[in-house]
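Okay, structure first, notes after.
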Amino acid sequence: MLSRYFDFEGRIGRMQYFVNMVVSTALGAVLCGLVALLLVLLFQVAPGTSIALGILALIGYLWATCHFSFSQTAKRAHDLGHSGWVSLLVFVPVFGFLVTLYFYFAPGEEHANAYGVRNSG
């Protein structure tokens, strides 16, 4: 079920893209807070273990977040008729901000394109 959120195939509309990004950001903030709280409590008992677990949790969180964000952005690029590789433009200073705004506000192609049929949203 969750695999469709992490694959790079298909298209998503701007509303679904916006909702996915907001929910992932909120969920990530809550999870980071809970992990931080648990690590603080564990640090009082076993400092070395809590640091190692914290690093592993951070690596896992960053991998999942980056993979999810890029898969959703690639699908949004597909909806706009572009290759998913366009999502890497968000790393270009200043221009990346404009690309992000484009992904959030540009309407997708009405017709089916090389990446599939249009989804609602």
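Heavy-atom basis, side chains included; hydrogens, waters and symmetry copies ignored.
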Taking only distance into account, with no hydrogens and no angle test, what donor-acceptor pairs under 3.5 Å do side-chain atoms of residues 95-109 form with protein atoms, sequence neighbours excluded?
unit_1	atom_1	unit_2	atom_2	d
Thr100	OG1	Gly96	O	2.9
Tyr102	OH	His82	NE2	3.0
Glu109	OE1	Asn113	ND2	2.9

Show me the donor-acceptor pairs, under 3.5 Å and distance only, between side chains in residues 51-63 and residues at least two apart or in other chains.
none

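When every heavy atom of Ala77 is checked against every heavy atom of Gly84, the shortest pair comes out as CB-CA, 4.3 Å. The minimum heavy-atom distance between Ala74 and Ser87, with the atom names listed, is N-CB, 4.3 Å.
At least one donor-acceptor pair under 3.5 Å links the side chain of His67 to the backbone N or O of Phe6. In this structure, Ser69 contributes its side chain and Cys66 its backbone to no donor-acceptor pair below 3.5 Å. A distance-only check finds a donor-acceptor pair linking the side chain of Arg11 to the backbone of Gly116 [under 3.5 Å].
Atom-to-atom distance recorded for Leu31:CG and Ser24:OG is 11.0 Å, nearest 0.5 angstrom. Atom-to-atom distance recorded for Ile12:CD1 and Ser71:OG is 8.0 Å, nearest 0.5 angstrom. Arg14 CZ to Leu80 CG: the interatomic distance, rounded to the nearest 0.5 Å, is 9.5 Å. To the nearest 0.5 Å, atom OG1 of residue Thr73 and atom CG of residue Leu89 are 11.0 Å apart. Annotation: the span from Leu39 atom CG to Leu34 atom CG amounts to 11.0 Å, rounded to 0.5 Å.
A donor and an acceptor atom, one from each side chain of Tyr115 and Ser83, are nowhere located under 3.5 Å apart.
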Report the C-alpha distance between Phe91 and Phe70 in whole Å, list the side-chain angles of each, state the deciding distance to 0.1 Å, and finish with yes or no for ring pair (Phe, Tyr, Trp, His ring centres under 6.0 Å).
CA-CA 12 Å; Phe91 288 117; Phe70 278 117; 5.6 Å; yes
Can you list the steps and then say if Leu42 with Leu38 is a side chain to side chain contact (heavy atoms under 4.5 Å, CB included)?
CA-CA 6 Å; Leu42 181 61; Leu38 290 173; over 6 Å; no
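In summary, Lys75 and Asp7 engage in a salt bridge, as defined by a charged side-chain N under 4.0 Å from a carboxylate O.
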